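Shown next, in structure tokens, is the structure this report addresses.
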Amino acid sequence: MSSAHYQALEPQTSDEDNEDIERRSHHPRCTATASAPSSMVRKGGVGRRRCLLPLVGGALCFIAFCYLTLSGETRSALGLGGSTEDSEEESHHGLDSIHFRPLNESLHICSENLEDHRQFLQDKPRSDYGQLPVIYFVTPTYPRREQIPELTRLAHTLLHIPRLHWLVADDQEKCNNFIDTLLNRFGIPFTHLMSPMPSKFRNEKPAPRGVANRRAALQYLRQHNLTNGVLYFGDDDNTYDLQLFSEIRNTQRVSMFPVGLIADYGVSGPVVRKGKVVAFLDSWVAGRRWPVDMAGFAVNLEYMAQYPYVNMPYKPGYEEDLFLRSIGLKMDMIEPRGNNCTDILVWHTQTKSKKLGMIRLESKYLDDRSNLGALLLNLKLMGVASTTENEGRNALISKNGKEKPHSIILS
Ligand code: UGA
Ligand code: MN
């Protein structure tokens, strides 16, 4: 997370997940039984109420039983609190009832190729790596003119990494075939998902960027029952050191490490003492228990599978914190990586963004008499530039330092 301008988290109910926080303040095993008697009490008179007393008492006992029998971890993942120092912090921030319904995303797979077509990785045959746990590298991406170059650059990092499944989740309404072709060419096992941001969030400022995408990827992992390996959220514009992948691959529950170039301090990451994470350094806290960047942690899938309410709500600035809360993270579980969090293995680089280029050229010249027809079509498919017949200035085509009429060069 890098947005120092975000507001501190108040108990808000602007999105469905947070409305759920209010609605579902008990474990599902308990709610069904507990809610029936209370509605009966509301309807009945005094006499009936007396008859119902044993029932209500029974229900209360049942609730108490549920509470006591849930393990500490489950209670904390469901936000039901406990007596620890951590849960005091949680209620201090008005977040003592955070839990979510299970993800229910509709999953749309554009294309998938799970075969690894790379023969050699880091100068060794692929078979040398057969026993390693798989890294599920989740990349949210969205259409803009920098999209294809970003994915290309990222792919060139991932090409070095054995046993990696790249989940590319695109924030748009239709599958982009150009991306399918691109992903196939790299030879890295991949799944290309289509995961548009719900329209109600589109015009919000700030918008929940990359959330629908990551939710879709979480859903994919769930639906495919992938409970072996490690999950990492790797945005399309960050810079990843190859060492990062060796560091996260043996994550037992949740590993963490500093991310470079975050916000005002140029870094965000854990504070480590005697090999243990004890606190966090980040210039924007805002009530976050886990003030870390999305690129600053990895999660073991077997561990995550224990949490049916794993989730990432549409709450800009709080995605990491609420995700980590949804999987019941505790401070003493965190495995510091990168030489006890002294190395930077991932950088929050950002690419300068510009709007689509516009090239004015009559369509009669966009044929195979020159390369321009095919080139400009490619750029259009990549979302980089568009052609127009009559808007703006004519496209500059020059020879010997002088502008030439299109008719002379292209007819
Ligand atoms: C920072 C964090 O590094 C992100 O992990 C976090 O999601 C984001 O802040 C946030 O809280 O909004 P930042 O560089 O500010 O990231 O954001 P972007 O790189 O623009 O977006 C994060 C990811 O979401 C990228 O992979 C991007 O391709 C994707 N994205 C962005 C979408 O899928 N849709 C969008 O409309 C915008
Ligand atoms: Mn970014």
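Read the numbers this way: they start at 1 and go in the same order the structure lists the ligands and their atoms. Treat the numbers as computed from the prediction; the structure is a model and nothing was measured.
Proximity to D171 (heavy-atom distance under 4.0 Å) selects the following atoms of ligand 1: 32 (C), 33 (O), 34 (N), 35 (C), 36 (O). Ligand 1 places these atoms under 4.0 Å from at least one heavy atom of D237: 14 (O), 19 (O). Within ligand 1, the atoms closer than 4.0 Å to a non-hydrogen atom of N213 are 33 (O), numbered from 1 in the order shown. Interface of T141 with ligand 1, defined as ligand atoms under 4.0 Å from a residue heavy atom, comprises 28 (O), 33 (O). Numbered from 1 in the order shown, with element, the atoms of ligand 1 that lie under 4.0 Å from a heavy atom of R214 read 4 (C), 5 (O), 6 (C), 7 (O), 23 (C). Atoms of ligand 1 found under 4.0 Å from any heavy atom of E319, numbered from 1 in the order shown, are 11 (O). Below 4.0 Å from some heavy atom of M294 lie the following atoms of ligand 1, by number and element: 5 (O). Contact atoms of ligand 1 toward M197: 36 (O) (distance under 4.0 Å to a heavy atom of the residue).
N213 places a side-chain N or O within donor-acceptor distance of the main-chain N or O of T141, the cut-off being under 3.5 Å. Between the D367 side chain and the R369 main chain, a donor and an acceptor come within less than 3.5 Å of each other.
Distance CG/L164 to CH2/W166: 9.0 Å, rounded to 0.5 Å. D171 contributes atom CG, which lies 6.0 Å from atom OG of S195 (distance to the nearest 0.5 angstrom). One distance of note links CZ of R214 with CE of M294; it measures 3.5 Å at 0.5 Å rounding.
The Mn ion (ligand 2) sits nearest to atom OD2 when only the N, O or S atoms of D237 are considered.
Considering backbone and side-chain atoms together, P140 places an N or O closer than 3.5 Å to an N or O of ligand 1. Considering backbone and side-chain atoms together, D236 places an N or O closer than 3.5 Å to an N or O of ligand 1. Any N or O atom pair closer than 3.5 Å counts here, and D293 shares at least one such pair with ligand 1.
Looking at K380 and T387, their side chains never come closer than 4.5 Å, going by heavy atoms from C-beta outward. With contacts defined as side-chain heavy-atom distances shorter than 4.5 Å, the pair L231/L218 qualifies. Looking at Q243 and D343, their side chains never come closer than 4.5 Å, going by heavy atoms from C-beta outward. Y220 places a side-chain heavy atom less than 4.5 Å from the side chain of I109.
Residue contacts to the Mn ion (ligand 2): D236 brings no N, O or S atom closer than 2.8 Å.
Taking the centre of each ring, W347 and F257 stay at or above the 6.0 Å mark.
With atom 20 (O) of ligand 1 as the reference point, the heavy atom nearest to it among K315, R209, Q350 is part of R209.
Distances shorter than 4.0 angstrom do not occur between any heavy atom of M312 and any atom of ligand 1.
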